[in-house]
Amino acid sequence: MTDNSQHGLGTKAVHAGWEPEELTGAVMPPIYMTSTYVQDGPGKPRRGFEYSRTQNITRYALQDALAELEGGACGFTFTSGMAAIHTLMLMMKPGDHIVAANDLYGGTHRLFRKIEERFGLRFTFIDARKPDLLDDLPSDTRLLYLETPSNPLLNITPLERAVAGARKVGAEIAVDNTFATPILQNPISFGVDYVIHSTTKYVAGHSDVVGGALIARSESKKEDIWFHQNSAGTVNSPFDAFLTLRGLRTLHLRMQRHCENARLLASFLEEHPKVARVIYPGLVSHPGHAIARDQMRDFGGMLGFEVVGGAELADQVVRNTKLFALAESLGGVESLIELPAPMTHASVPPKERAKIGISDGLVRLSVGIEDSEDLRADLETALG
Ligand SMILES: *Cc1c(COP(=O)(O)O)cnc(C)c1O
């Protein structure tokens, strides 16, 4: 393999994980749609490959590319972001105490409370807006689990402080890096142990495939993650791995445009008389702005806003945009609009939503890579 370690992130995005292959010189990995591999004798697989849940070259290419981009020692990919998170939970033991931020993606919250708790894991949810809490984690914390920027409130957690807090009590730390992508933020460079992605979002980037990833800082985790991925069968298909890798090849370019468009729309909305509040880490008004500037290379393509007139007007706005499609998910080339309370975060109980600040009128945008002027005009009309 070519050594990409000194290259920039754009070069890595284009080249990581694969070299033109020996047989034909193919510059992209073939989609190895095979469930099994021939053996020369019982227990003597011809090339070390036995079964596709365990070994698949197309998946390897994606896994290695993501590990390289995140600066991890090893990477693994899954059927979905949830499958990646569940596989990390499978590595825990009953009784283990996991301290998590209280504003996680709704599906992660549901997985922890409705499934993992049944298997004896214990969860404590802390206020993500109070970084002081990171300095005094419970002494029995096994894992600290965070999202930064978080979904949908775009709270920013100081990674250096979180890592120090986890180390102090001998805990590991996992960060869901879906919103930032490896192009804008590399948690492992701050000492984070595990990075999670819903590759469904920016990494694949074209709203055509569901997938997830788990990347570890240390080589010592490789066997353990592989064992659980293989035993639980949470692997993604070769075709999905191919699509995701194809998307990854342009991630750096897409992120540039997502960030630029989101920045322009954030300024536009901040000035708009019908907008009460804009949540975007790139705005000086955002409480996490200074930390985001320190630990991210840019501020991302997600933004939230509340309209004057609350839930009722918000409901109209999301129905009235033409370019922004009313849909869940995020991170694709096309712009999306949604209301987290009745949509992506409906699985978070209303009382908890209110506590963490997800109001019924909060609008979330996934700003795509269209021409910013068209996006601005679309919002202007919908707000008018
Ligand atoms: C979408 C999402 C997930 C879940 O990923 P799936 O691919 O939908 O299973 C996890 N974390 C975050 C931050 C997400 O946005």
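Computed from a prediction, not measured in an experiment: that's the story for all the values here. Whatever order the structure lists ligands and atoms in, that order sets their numbers, starting from 1.
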Protein N/O near ligand 1 N/O, under 3.5 Å, which pairs?
from: ligand 1; atom 1: 5 (O); to: Ser198; atom 2: OG; distance (Å): 3.0
from: ligand 1; atom 1: 7 (O); to: Gly81; atom 2: N; distance (Å): 2.9
from: ligand 1; atom 1: 7 (O); to: Ser198; atom 2: OG; distance (Å): 2.8
from: ligand 1; atom 1: 7 (O); to: Thr200; atom 2: OG1; distance (Å): 2.7
from: ligand 1; atom 1: 9 (O); to: Gly81; atom 2: N; distance (Å): 3.0
from: ligand 1; atom 1: 9 (O); to: Met82; atom 2: N; distance (Å): 2.9
from: ligand 1; atom 1: 11 (N); to: Asp176; atom 2: OD2; distance (Å): 2.6
from: ligand 1; atom 1: 15 (O); to: Asn151; atom 2: ND2; distance (Å): 3.3
from: ligand 1; atom 1: 15 (O); to: Lys201; atom 2: NZ; distance (Å): 2.8

Quick one: list whatever passes side chain to side chain contact (heavy atoms under 4.5 Å, CB included) with [X], sequence neighbours left out.
{"X": "Val163", "result": "Arg167, Ile173, Val192"}
{"X": "His15", "result": "Asn4, Thr11"}
{"X": "Phe190", "result": "Leu159, Glu160, Gln295"}

Worksheet entry | is_close_aromatic(Tyr105, His109), centroid dist under 6.0 Å |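 Centroid separation for Tyr105 and His109: 6.0 Å or greater.
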Discussion item. Under a 3.5 Å threshold, yes or no: a donor from one side chain and an acceptor from the other, between Ser335 and Glu370?
Written reply: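 Yes, Glu370 and Ser335 have a side-chain donor paired with an acceptor closer than 3.5 Å.
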Discussion item. Would you compute the distance between atom CG of Leu248 and atom CG of Leu66 and round it to the nearest 0.5 angstrom?
Written reply: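 Answer rounded to 0.5 Å: 5.5 Å.
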